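What you see is a predicted model; the values in this text were computed from it and never measured.
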Amino acid sequence: MVEVELKEEYRLLKDLVRRFVKDELLPLERDVMARAAAGEGIALNQSEKEAVDRRAKELGLRALDAPAEFGGFDLPAEAMVGVDEEIAKTIVHYAIPPDSPNLHMLIAAASPEQREKYLRPYARGETISAMAISEPGAGSDPRRMSTRAAWTGDSWVLNGRKIWISKAGEADFTIAMAVSSRDDGGSGISAFIVDRGTPGFNILRRIPMLGGLFTYEIAFEDCRLPVSALLGAEGQGFAPMQKRLSVRRLQMGAWCIGIAQRALDILIEHASQRTTFGALLSQRQAVQWWAADAATKIHATRLMVYDAARKVDQGREVRLELSMIKIFSTEMATEIIDKAMQTLGAMGMTKEIPLYLMAEKVRWIRVGEGPSEVHRWVVARSLFGNASAQRR
């Protein structure tokens with residue numbers, strides 16, 4: 001495996017996470033795959049989750065990119081992509097708390113009161129959050145958002161439906177995006193923090209997804225919120241939401257590197273042992289080229305992801321790079337998993353090895369946080385916009 005040169009402390013952290021995955025998560029894969037094959041999902045059961053959380057805490061694998069003032073390590077994006085790459089090498093669904101995208105949205109927008117009530121416990125990994133953006137029939141297109149937040153003079157009242165929300169069933173609070181309006185005509189997309197159990201916050205259904213995951217559809221029905229529930233400035237929720245999306249897209253690129261590397265490792269291990277027609281598969285030129293192309297594309301993706309991470313840490317704009325990463329990394333991982341499945345033959349089609357769950361996860365990533373087509377549009381718009389500007 002070709003590695004990217006990292007600062008010593010970031011390399012040591014990456015190695016620590018690699019050992020954590022090997023010692024704590026990989027041994028759980030067989031049971032997780034059995035549950036997934038039975039239609040029960042890939043979530044860890046309570047005893048498994050408690051044991052993994054306990055070990056992660058012992059190793060200091062908590063609050064890695066959370067602010068130091070809240071007990072975190074305040075690690076930069078360059079360090080976190082290495083962590084995300086290693087975590088993605090297993091199909092065991094585990095994230096080192098807290099979930100980075102919502103964390104960074106809270107950091108960017110939370111008021112002093114919200115920082116104490118929500119951000120501090122969240123940064124310590126003591127609470128769970130969800131994010132409600134997409135809507136039935138509108139997806140995540142903000143121009144078609146129909147959920148409304150009406151100001152009544154002393155509170156906000158939310159009405160509307162949201163869909164494809166991870167963790168909504170167990171979240172302590174949900175960040176909900178809505179079009180807000182006042183009598184003075186002011187309007188725009190605002191973000192609100194909705195506590196679990198708030199009257200009018202209703203979970204409609206739990207939706208089974210590819211990869212053994214579940215999302216939720218929820219409804220806000222005259223859901224009354226105090227003024228303190230507004231996250232950030234009224235009508236300006238899109239900017240901190242974009243911060244969240246950027247963090248997730250960078251994370252997804254790192255996940256695809258880890259998933260693709262695991263698939264390549266499976267391909268190499270099998271090809272080095274399996275003999276067909278008197279020769280090892282590893283001696284077949286087709287398989288050799290599959291492996292060589294896979295290693296090349298993984299390395300290219302890794303360079304893209306670390307370049308974007310370093311630019312993020314420098315405070316530079318990386319929206320274009322993240323769209324490129326979202327396209328390239330997901331399609332790269334899809335191709336490499338497919339080649340691993342082809343190398344394994346019928347064994348690659350079973351639910352007794354993790355390839356199928358890896359394929360389903362990447363297929364989900366290709367849609368989440370903007371599908372490839374949207375990101376190609378973003379890149380193309382930039383290219384043709386620049387060309388138009390140069391002709392003037």
Evaluate the side-chain proximity of [Y] to [X]: yes if any heavy-atom separation is below 4.5 Å, no if none is.
{"X": "Leu231", "Y": "Met177", "result": "no"}
{"X": "Met241", "Y": "Met105", "result": "yes"}
{"X": "Glu8", "Y": "Arg11", "result": "yes"}
{"X": "Ile128", "Y": "Asp172", "result": "yes"}

Just checking [X]: does its [atom1] atom have more than 12 heavy atoms from other residues, nucleotides or ligands closer to it than 6.0 angstrom?
{"X": "Met349", "atom1": "CE", "answer": "yes"}
{"X": "Arg319", "atom1": "CZ", "answer": "no"}
{"X": "Gln242", "atom1": "CD", "answer": "yes"}
{"X": "Arg124", "atom1": "CZ", "answer": "yes"}

Handout entry: Asn202 and Glu221: side chain donor to acceptor below 3.5 Å
Key = yes

Exercise for the section: May I ask you to check whether Asn102 and Tyr118 show a side-chain donor-acceptor distance below 3.5 Å? Expected result: no

Exercise for the section: Report the distance from atom CG of Leu210 to atom NZ of Lys361, rounding to the nearest 0.5 Å. Expected result: 13.5 Å

Handout entry: Met209 side, atom CE; Ser166 side, atom OG - distance, nearest 0.5 Å
Key = 8.0 Å

Handout entry: Presence of salt bridge, Glu321 and Arg316, under 4.0 angstrom
Key = no

Problem - Electrostatic pair Glu9:Lys14 at N-O distance under 4.0 angstrom - result: no

Problem - Identified side-chain contact (heavy atoms from CB on, under 4.5 Å) partner of Phe201 from the options Thr174, Leu225, Leu158 - result: Thr174

Fill in the blank from the handout: With Leu64 as partner, the option from Asp74, Leu75, Leu103 fulfilling side-chain contact (heavy atoms from CB on, under 4.5 Å) is Leu75

Exercise for the section: Give me the one residue out of Arg55, Arg54, Arg18 that meets salt bridge (Lys or Arg N to Asp or Glu O under 4.0 Å) with Glu24. Expected result: Arg55

Handout entry: Ring-ring centroid check Tyr122 Phe173, cutoff 6.0 Å
Key = yes

Exercise for the section: Say whether, by atom type as modelled, one donor and one acceptor occur between the side chain of Asp84 and the main chain of Gln251 under 3.5 angstrom. Expected result: no

Exercise for the section: Is it possible for you to check whether Arg366 lies under 6.0 Å from the centre of the six-membered ring of Trp364, through NZ or CZ, and within 45° of that ring's axis? Expected result: no

Handout entry: Same cluster (ILVMFWY, side-chain, under 4.5 Å), Val21 and Tyr94
Key = yes

